[in-house]
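For reference, the structure is listed below as C-alpha cells.
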Amino acid sequence: MSRFEDQVIALAGVAQSARLVDRIAVNGQSPELFMNASIQSLFEFDASNTAEIFQGLGGVRLGLQTLEAAMGKSSAPELSNTLRYVFGILHLERKFNADAKMQATVRARLEHTAFKAEHFSDNSKSLVHNLAGIYQDTLSQLSFRIKVTGNSEFLGQEHYADQIRALLLAGIRAAFLWRQLGGTRWRLLLQRSKVAATAKTLSHLQTH
C-alpha cells in the first residue's frame with residue numbers, strides 16, 4: 001500500500017463510523033460486519049498495516065464505498081449527514097490532538113477495556129456501553145460537539161445512543177490515524193476525485 005492509499009483507508013474508517021452513526025440514528029440498524037470492524041479498530045494498538053486495523057479491507061468496505069460516493073463529482077444527497085459527521089469528527093480530532101492529558105486518559109481506558117474486545121460477540125452491549133462512557137467522559141467535554149440528527153425513537157434509547165458514541169470514538173481513532181499518515185483537511189478537499197478513485201479501487205480488493 002502507498003502512503004496515500006493508507007490515508008484513504010484511515011479516512012474510510014472515519015467515513016464508515018459516520019455512515020453507521022447516520023444509519024443507527026435514522027433507522028436503528030447497522031451492518032454487523034462493519035459495526036464490529038469499527039469497534040474492534042479501537043483495540044488495534046500495534047497493527048502492522050493500516051488495513052489490519054479494520055480486519056482487512058473487507059472490514060472497512062462500507063467506508064470505502066461511502067468515500068467513493070461522497071467524494072465523487074456528484075456527491076450523493078443522501079450522504080449529506082454522513083459527510084457532516086465526517087468533517088465534525090475531523091474537527092473534533094484536532095481538538096483532541098491538542099489535549100495530551102485527554103489522549104492519555106482515552107488510551108488508558110481503552111487498554112483497560114481491551115480484554116472485553118476478545119469476546120465482543122458475547123458481550124457486545126456491555127463493551128459498547130463502556131466505550132460510550134469513555135466518549136462521554138472525555139471527547140464530549142470538549143468545546144465542539146457533533147450533533148447527531150435522526151429518529152427520536154432511536155436517539156432516545158440508551159442502546160442506540162451508546163452505539164453512536166462508541167462509533168464516534170472509533171471515528172476519532174481513525175481520524176487520528178489519518179492525520180498521523182499525513183492527511184490534512186485542505187488536501188482532502190483538493191484531492192476529492194483522487195480520494196474517490198482510490199477508495200473505489202481499494203473497495204474491490206480482496207485483501208485481509
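A quick note: this is a predicted structure, and the numbers were derived from the prediction, not measured.
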In sequence, state the C-alpha distance, the side-chain angles, and the governing distance for Asn97 and Arg94, and then conclude on side chain to side chain donor-acceptor pair (under 3.5 Å). CA-CA 5 Å; Asn97 185 53; Arg94 289 180 66 186; over 6 Å; no
Run the side-chain contact (heavy atoms from CB on, under 4.5 Å) check on Tyr85 and Val148 step by step: do they pass? CA-CA 8 Å; Tyr85 300 147; Val148 176; 3.7 Å; yes
Stepwise side-chain contact (heavy atoms from CB on, under 4.5 Å) check, Val106 with Phe176: CA-CA 13 Å; Val106 170; Phe176 189 85; over 6 Å; no
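To the nearest 0.5 Å, the span separating CG on Leu83 from OG1 on Thr66 amounts to 9.0 Å. With rounding to the nearest 0.5 Å, the separation of CD1 in Ile146 from CG in Leu92 is 5.0 Å. To the nearest 0.5 Å, atoms CD (Glu68) and OG1 (Thr201) are separated by 8.5 Å. Note: Glu52 CD to Ser41 OG = 12.5 Å, rounded to the nearest 0.5 Å. Separating the CZ atom in Arg179 from the CD atom in Glu93 is a distance of 4.5 Å, to the nearest 0.5 Å. Expressed to the nearest 0.5 Å, how far CE of Met71 lies from CD of Gln191 amounts to 11.5 Å.
Annotation: ring-ring contact (aromatic ring centres under 6.0 Å, His included) contacts of Phe144 (sequence neighbours excluded): His91. The side-chain contact (heavy atoms from CB on, under 4.5 Å) check on Gln29 picks up Asn27, with sequence neighbours excluded. Scanning for side-chain contact (heavy atoms from CB on, under 4.5 Å) contacts around Thr184 gives Trp186, Arg187, with sequence neighbours left out.
Linking ILVMFWY side-chain heavy atoms closer than 4.5 Å, directly or via other members, places Met102 and Leu42 in a single hydrophobic cluster. Taking hydrophobic clusters as Ile, Leu, Val, Met, Phe, Trp and Tyr residues chained together by side-chain heavy-atom distances below 4.5 Å, Leu67 shares a cluster with Leu181. Under the 4.5 Å side-chain heavy-atom criterion for Ile, Leu, Val, Met, Phe, Trp and Tyr, Leu33 and Leu62 are members of the same hydrophobic cluster. Leu79 and Val26 are assigned to two separate hydrophobic clusters, defined by single-linkage of ILVMFWY side chains at heavy-atom distances under 4.5 Å. Both Leu11 and Leu205 are part of a single hydrophobic cluster, where members link through side-chain heavy atoms under 4.5 Å apart.
For residues 6-24, no residue pair satisfies the salt bridge (Lys or Arg N to Asp or Glu O under 4.0 Å) rule, not counting sequence neighbours. For the salt bridge (Lys or Arg N to Asp or Glu O under 4.0 Å) condition, the pairs that include at least one residue of residues 129-156, sequence neighbours left out, are Arg109-Asp137.
Summarising the geometry of Phe34 relative to Gln16, their closest heavy-atom pair is O-NE2, 3.3 Å, with the distance given to 0.1 Å. Here the shortest heavy-atom pairing between Phe4 and Val195 reads CZ-CG2, 3.9 Å. Across all non-hydrogen atoms, the minimal contact from Glu5 to Thr198 is CG-CG2, 3.9 Å. Looking at every heavy atom in both residues, Arg3 comes nearest to Gly182 through NH2-N, 3.7 Å. Nearest approach of Arg192 to Gly72, heavy atoms of both residues: NH2-O, 4.3 Å. What you find for Gly171 and Val14 is that their closest heavy atoms are O-CG2, 3.7 Å.
Side-chain contact check for Arg173 versus Leu110: every heavy-atom pair is 4.5 Å or farther apart. Under the 4.5 Å side-chain criterion, counting only non-hydrogen atoms from C-beta, Thr50 is not in contact with Trp178. With contacts defined as side-chain heavy-atom distances shorter than 4.5 Å, the pair Pro31/Leu20 qualifies. The shortest distance between side-chain heavy atoms of Ile134 and Thr105 does not fall below 4.5 Å.
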Compile the donor-acceptor pairs under 3.5 Å between side chains in residues 158-170 and protein atoms, sequence neighbours left out, one pair per line.
residue, atom, partner, partner atom, Å
His159, NE2, Gln163, NE2, 3.4
Asp162, OD2, His129, ND1, 2.7

